[in-house]
Amino acid sequence: MNNYPEKTCQIDRLVCHPKLVAAALSGQKTQQRRNGVYGYPGETFELEGTTFTVTALEQQSLGDMTDADAKAEGYPNLDAYKELILRMHAGMAWNNDSQVWVHFFKRND
C-alpha cells in the first residue's frame, strides 16, 4: 500500500471541462494531472453517467511529460498541452521542476 497525501479536492472535480469530459468518454483521455491529489487508486467517479476508476496515482515533474502523456491528457501534443495550461492559469510560468500528481484512470464498461 502506498502512503499518499490527503486529498486536496474531491474526485468529482478531477475531470470537469466539457472538452476533457468528452475526451474521457471517447477513451482518448486516460490521465489527469493536478497539483494535488483528487482521487486514490480504486476510487471511482462518474462523467455523464459513465463510471471511471482511478487505476494509479503517481507524482511527476512537468519536465518529465512526453507527447504520449499529453495525448493521454486529451491533447494532440505536449506543446498544445503547455499552451492551454498557461492560458488557463494566467501569470503562471511552465516550470519543468514543478511536481504534479498524475491520476491514471479507465472507463468501466
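Just so it is clear, the model here is predicted, and its values are computed rather than measured.
T30 places no side-chain N or O within donor-acceptor distance of the main-chain N or O of K106, the cut-off being under 3.5 Å. When atom types are taken as modelled, the side chain of H103 and the backbone of L14 share no donor-acceptor pair closer than 3.5 angstrom. Judged by distance alone, the side chain of R107 and the main-chain N or O of A24 form no donor-acceptor pair under 3.5 Å. K29 places a side-chain N or O within 3.5 Å of a backbone atom of E73 that can act as its donor or acceptor partner.
Atoms CG and OG1, from D109 and T51 in turn, are 9.5 Å apart once rounded to the nearest 0.5 Å. Atom CE in M92 sits 6.0 Å away from atom OG in S98 (nearest 0.5 Å).
When all heavy atoms are compared, the tightest approach of V37 to P5 is CG2-CG, 3.7 Å. Here the shortest heavy-atom pairing between R13 and C16 reads O-SG, 3.8 Å. V15 approaches R34 most closely through the heavy-atom pair N-NH2, 4.2 Å. Of all heavy-atom pairs spanning G36 and T8, the tightest one is CA-OG1, 3.2 Å. Heavy atoms only, all atoms of each residue included: D97 and N95 are closest at N-OD1, 2.8 Å. Nearest approach of P41 to T55, heavy atoms of both residues: CB-O, 4.1 Å.
For residues 76-97, the pairs satisfying ring-ring contact (aromatic ring centres under 6.0 Å, His included) are Y75-Y81, with sequence neighbours left out.
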* Check the pair H17 / M88 against side chain to side chain contact (heavy atoms under 4.5 Å, CB included), numbers first and verdict last. => CA-CA 11 Å; H17 188 281; M88 287 176 54; 5.9 Å; no
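Residues M65 and K82 fail the side-chain proximity criterion, which asks for heavy atoms closer than 4.5 Å.
Put simply, the residue from T44, T53, T50 that forms a side chain to side chain donor-acceptor pair (under 3.5 Å) with N108 is T53.
Cluster annotation: Y40 is not connected to L47 through the hydrophobic network of ILVMFWY side chains, with a link wherever side-chain heavy atoms come within less than 4.5 Å. In this structure, F104 is not a member of the same hydrophobic cluster as L62, with clusters built from ILVMFWY side-chain heavy atoms closer than 4.5 Å. Side-chain heavy atoms closer than 4.5 Å link hydrophobic residues (I, L, V, M, F, W, Y) into clusters, and following such links, even through other members, never connects I11 to W101. Cluster membership check: L20 shares its hydrophobic cluster with I85, using side-chain heavy-atom separations under 4.5 Å among Ile, Leu, Val, Met, Phe, Trp and Tyr. L84 and V102 fall into different hydrophobic clusters, where Ile, Leu, Val, Met, Phe, Trp and Tyr side chains are chained together by heavy-atom contacts under 4.5 Å.
There is no side-chain donor-acceptor pair under 3.5 Å between K7 and Q10.
Classified by interplanar angle (parallel below 30°, tilted 30° to 60°, perpendicular above 60°), the ring pair F105/F45 is perpendicular.
The number of heavy-atom neighbours closer than 6.0 Å to CG of N35, taken from other residues, nucleotides and ligands shown, is 12 or below.
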